[in-house]
Amino acid sequence: MIREVRLEDAKRLVEIYDYYVTSTAITFEYATPSIEEFTNRIQHTLEHYPYIVYEDKGVVLGYGYVGPLKGRAAYDWSVETSIYVDHNAKKMGIGRKIYEALEEICAKMHITNMYACISAPKDGNDPYLDTNSMDFHAHMGYKEIARFHTCGYKFDRWYDMVWYEKIIGEHQIPMPSIINYQDMKKA
């Protein structure tokens, strides 16, 4: 089931994220955040945006959230997405379910553009990174719109960073105001 994250989920989310920090170049973080830091990140996100988990039989197997694309008012209708699935639970449709739920919530908030920042291998033979995330986003209807070359350094290797975009709403004039996630839940 998909549900909103709870602060007590932080420990499990750190367990999921730790694999990506320590074993992959999917995230460019070098050190796994503490449970306290992760809890703070969750709280900060939930002030304005959705943060959800996929749970099966009481076990969280993935999570996703959105945040601001940039800190300027003109970008309010655009968000950056993040999604992580337990590395032992891949290819089960969990990522799709999380993204579909995030898109539905974001559309209700009047968000029109969703972006994903994805690390990309420099060649096809990288032990820390493959193209699965790029392939997944393309399958979900995202389009690659930008590539920053050799901009991330992890595990003594250089990586590209690509941006993917998906338009989920109509660009109107005038544009309806963004609805804060917390206010949307009350409506």
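Every heavy atom of this structure was used, including side-chain atoms; hydrogens, water molecules and symmetry mates were not. Please read all numbers here as calculations on a predicted model, not as lab measurements. The first residue in the sequence is number 1, and the count goes up from there.
A search for ring pair (Phe, Tyr, Trp, His ring centres under 6.0 Å) contacts involving Phe28 returns nothing, not counting sequence neighbours. Residues passing the side-chain hydrogen bond (donor to acceptor under 3.5 Å, both in side chains) test with Ser119: none are found, sequence neighbours excluded. Checked against side-chain hydrogen bond (donor to acceptor under 3.5 Å, both in side chains), Glu165 has the following partners two or more places apart in sequence or in another chain: Tyr115. Scored by the side chain to side chain contact (heavy atoms under 4.5 Å, CB included) test, Thr22 finds Asp18, Thr32 as partners (sequence neighbours excluded). Scored by the side chain to side chain contact (heavy atoms under 4.5 Å, CB included) test, Met161 finds Cys117, Phe148, Cys151, Trp163 as partners (sequence neighbours excluded). In terms of the side-chain hydrogen bond (donor to acceptor under 3.5 Å, both in side chains) criterion, Lys108 has no residue partners (sequence neighbours excluded).
Between Ala116 and Thr81, the shortest heavy-atom distance links the atoms CB-OG1, 3.6 Å. Here the closest heavy-atom approach between residue Ile2 and residue Ala101 is recorded as CG2-CB, 3.9 Å. The shortest heavy-atom contact between Tyr159 and Pro121 is CD2-CA, 4.0 Å.
Met1 and Val85 fall into different hydrophobic clusters, defined by Ile, Leu, Val, Met, Phe, Trp and Tyr side-chain heavy atoms under 4.5 Å apart, directly or through other members. The cluster map of Ile, Leu, Val, Met, Phe, Trp and Tyr, joined by side-chain heavy atoms under 4.5 Å apart, puts Ile26 and Phe155 in the same cluster.
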One pair to check against side chain to side chain contact (heavy atoms under 4.5 Å, CB included): His110 and Ser177. What are the steps and the verdict? CA-CA 7 Å; His110 299 156; Ser177 297; 5.6 Å; no

Could you walk me through whether Tyr84 and Thr27 satisfy the side chain to side chain contact (heavy atoms under 4.5 Å, CB included) test, starting with their C-alpha distance in whole Å, then the side-chain angles of each, then the deciding distance to 0.1 Å, before giving a yes or no? CA-CA 10 Å; Tyr84 291 92; Thr27 176; 3.7 Å; yes

Please report, to 0.1 Å, the donor-acceptor pairs under 3.5 Å made by any side chain of residues 51-75, with sequence neighbours excluded.
from: Glu55; atom 1: OE1; to: Arg3; atom 2: NE; distance (Å): 2.6
from: Glu55; atom 1: OE1; to: Arg3; atom 2: NH2; distance (Å): 2.7

Donor-acceptor contacts under 3.5 Å from residues 166-176 side chains, at least two apart:
from: Lys166; atom 1: NZ; to: Glu103; atom 2: OE1; distance (Å): 3.1
from: Lys166; atom 1: NZ; to: Glu103; atom 2: OE2; distance (Å): 3.1
from: Lys166; atom 1: NZ; to: Met140; atom 2: O; distance (Å): 2.7
from: His171; atom 1: NE2; to: Thr112; atom 2: OG1; distance (Å): 3.3
from: His171; atom 1: NE2; to: Asn113; atom 2: OD1; distance (Å): 2.6

Donor-acceptor pairs under 3.5 Å, side chain of residues 38-50 to any protein atom, not counting sequence neighbours: which ones?
from: Thr39; atom 1: OG1; to: Ile35; atom 2: O; distance (Å): 2.8
from: Asn40; atom 1: ND2; to: Glu36; atom 2: O; distance (Å): 3.4
from: Arg41; atom 1: NE; to: Glu37; atom 2: OE2; distance (Å): 3.0
from: Arg41; atom 1: NH1; to: Glu29; atom 2: OE2; distance (Å): 3.0
from: Arg41; atom 1: NH2; to: Glu29; atom 2: OE1; distance (Å): 3.1
from: Thr45; atom 1: OG1; to: Arg41; atom 2: O; distance (Å): 3.1
from: His48; atom 1: ND1; to: Asn180; atom 2: ND2; distance (Å): 2.8

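The stretch residues 78-90 participates, sequence neighbours left out, in these salt bridge (Lys or Arg N to Asp or Glu O under 4.0 Å) pairs: Arg12-Asp86. Among residue pairs with one or both ends in residues 89-109, those qualifying as ring pair (Phe, Tyr, Trp, His ring centres under 6.0 Å) are Tyr99-Phe136, Tyr99-His137, Tyr99-Tyr142; sequence neighbours excluded. Legend: salt bridge (Lys or Arg N to Asp or Glu O under 4.0 Å) pairs involving residues 134-156, not counting sequence neighbours, sorted by first then second residue: Glu144-Arg147, Arg147-Asp160.
Separating the NZ atom in Lys185 from the CD1 atom in Ile105 is a distance of 9.5 Å, to the nearest 0.5 Å. Annotation: the span from Glu8 atom CD to Leu13 atom CG amounts to 10.5 Å, rounded to 0.5 Å.
No side-chain heavy atom of His87 sits less than 4.5 Å from a side-chain heavy atom of Ser23. Within the 4.5 Å cutoff, no side-chain heavy atoms of Thr24 are placed close to those of Leu129.
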